[in-house]
Number of protein chains: 2
Amino acid sequence: MTIDDVDRKLLAALQEDAGQSYAALGEIAGLSAGSAHERVRKLKAAGVIRRTTVDIDPASLGAGVLAFVLLEANAWMGDEPTQQALRDIPAVEEAHIIAGPASVLVKVRTTTTEDLQATLRALHEVDGVTSTQTVVVLESFFERQPAVV
Amino acid sequence: MTIDDVDRKLLAALQEDAGQSYAALGEIAGLSAGSAHERVRKLKAAGVIRRTTVDIDPASLGAGVLAFVLLEANAWMGDEPTQQALRDIPAVEEAHIIAGPASVLVKVRTTTTEDLQATLRALHEVDGVTSTQTVVVLESFFERQPAVV
DNA sequence: GATGAAAAAGTTTGACC
DNA sequence: GGTCAAACTTTTTCATC
C-alpha cells in the first residue's frame with residue numbers, strides 16, 4: 001500500500017487519540033468525515049493499522065520490574081518452537097534475534113524480583129538456551145510508540 | 001485505585017480491541033453496558049488507561065531497522081536535560097537507566113542503516129555520553145503490550 | 001477518490017434500585 | 001456500585017460528483 005502525507009497525518013492523530021471522531025480526523029487531515037473514514041478503513045484493511053488498543057500503565061497493575069535478558073544458545077533459535085516457547089511466557093514482552101555474541105534478546109516485565117527470577121528460570125528451560133545474562137532497569141525515562149515519520 | 005478481576009477483564013478486552021462496544025465489553029466482564037462504561041471511565045480517570053491508540057505496523061511505514069544501544073557516560077544521566085535530549089531524537093523509542101556497566105539503554109528504530117548511523121551520531125552528541133555500543137536486531141520474533149495479569 | 005446526507009449503531013446521561 | 005432506557009453523537013452506507 002502507498003502511504004501519503006494525508007495518511008501519515010491520520011496515523012499520527014489516531015496514535016495520539018484513537019477515540020476521536022472522523023469529523024475531527026478529517027479536520028486534521030484536510031478531509032471530510034467520510035473521506036477520513038474511508039482512508040482509515042483502507043489503512044486497517046492493508047494492515048498498516050494492526051488494531052485499536054489501549055495504552056495501560058504497567059505500574060498501575062503492579063508490574064514494576066523491567067529487565068532485558070540476553071539468551072546464549074547452542075543451537076539456531078530462529079525456529080518456530082523457540083518462538084512459541086518465548087511467547088508462552090507472559091512476562092516476555094519482546095524477543096529479537098540479534099547480531100552479536102548472544103543470540104536472542106528478550107524484554108521482560110514482572111511485578112516482583114521473585115517473579116523475575118521465576119521468568120529467568122523459565123527462559124533457562126527453553127530448548128537450546130545455555131546461559132542468560134540479565135540487565136535490570138533501574139528507571140525508565142520513557143517507552144513510546146514508533147514515530148510516524 | 002483498586003483494580004479487581006472485573007477491571008482486569010475489561011482491560012484485557014480493551015487491549016485486544018478498543019473499538020468494541022460497551023455492550024460487548026459488559027458481556028465479557030459480566031456487566032451491563034452502562035456499568036462497563038462507568039468502569040472504563042474510572043480506569044481512564046485514574047490513569048490506568050493512559051489513552052486509546054492505534055497499533056501501527058512499523059514495517060509499513062518503512063521503519064525496518066531496529067537496534068538497542070548502550071550509552072556509557074561520564075556523568076549521572078538521570079537528570080531532566082538528558083532525558084529531554086533523548087526524547088528529542090524521534091528514532092529513540094525507549095530509554096532506561098540500567099544496573100550494570102553502561103548507564104543507559106535505548107531502543108532505536110529507523111528506516112535505513114544510514115538513518116541508524118545518524119541516530120548513533122545524535123546519541124554521541126548527548127551531553128555526558130562517552131561511548132555507544134550497538135546491538136542490531138536481525139529479526140524480531142514479536143513485540144507485544146504488557147500482559148494484563 | 002471525495003462529498004454530503006440518511007440510516008444504523010454506539011455513547012452518554014440520569015432516574016431508580 | 002449496578003441497571004435500564006431515552007437523548008444525543010458518531011459511524012457507516014450509499015447515491016452522486
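The structure presented is a predicted model; accordingly, all values stated were derived computationally and were not measured.
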Note to self: Regarding Ser35(A), tell me which of base, sugar-phosphate or nothing describes its non-hydrogen contacts under 4.0 Å with the strands shown.
What the structure shows: base
Next item on the list: Using atom CD of Glu38(A) as one end and atom C1' of dC14(D) as the other, report the distance to the nearest whole Å.
Entry: 12 Å
Note to self: So if I take every side-chain heavy atom of Ser21(B) and compare against dT11(C), dT3(D), dT11(D), which nucleotide ends up nearest?
What the structure shows: dT11(C)
Item checked: Salt-bridge contact Asp4(B)-Lys9(B) (side-chain N to carboxylate O under 4.0 Å) -> no
Check: Gln20(B) has an atom CD; how far is it from atom C1' of dT11(C), in whole Å?
Finding: 15 Å
Check: Which whole-number value in Å describes the distance from Glu27(B) CD to dG10(C) P?
Finding: 13 Å
Check: Reckon Arg39(B) touches a base, only the sugar-phosphate, or nothing at all at heavy-atom distances under 4.0 Å?
Finding: sugar-phosphate
Check: Any idea which of dT3(D), dT13(C), dG1(C) is nearest the His37(B) side chain?
Finding: dT13(C)
Checklist line | Proximity of His96(B) and Phe68(A) rings by center, below 6.0 Å | finding: yes
Margin query: Expressed as a whole number of angstroms, how long is the span from Lys42(B):NZ to dT12(C):P?
Written below: 16 Å
Notebook entry, point to check: Between dT13(D) atom P and Tyr22(A) atom OH, what is the distance in whole Å?
Noted result: 10 Å
Next item on the list: Using a strict cut-off of less than 4.0 Å between a Lys/Arg side-chain nitrogen and an Asp/Glu carboxylate oxygen, indicate whether Arg51(B) and Asp17(A) qualify as a salt bridge.
Entry: no
Notebook entry, point to check: When you check the gap from the basic side-chain N to the acidic O, do Arg144(A) and Glu93(B) get nearer than 4.0 Å?
Noted result: no
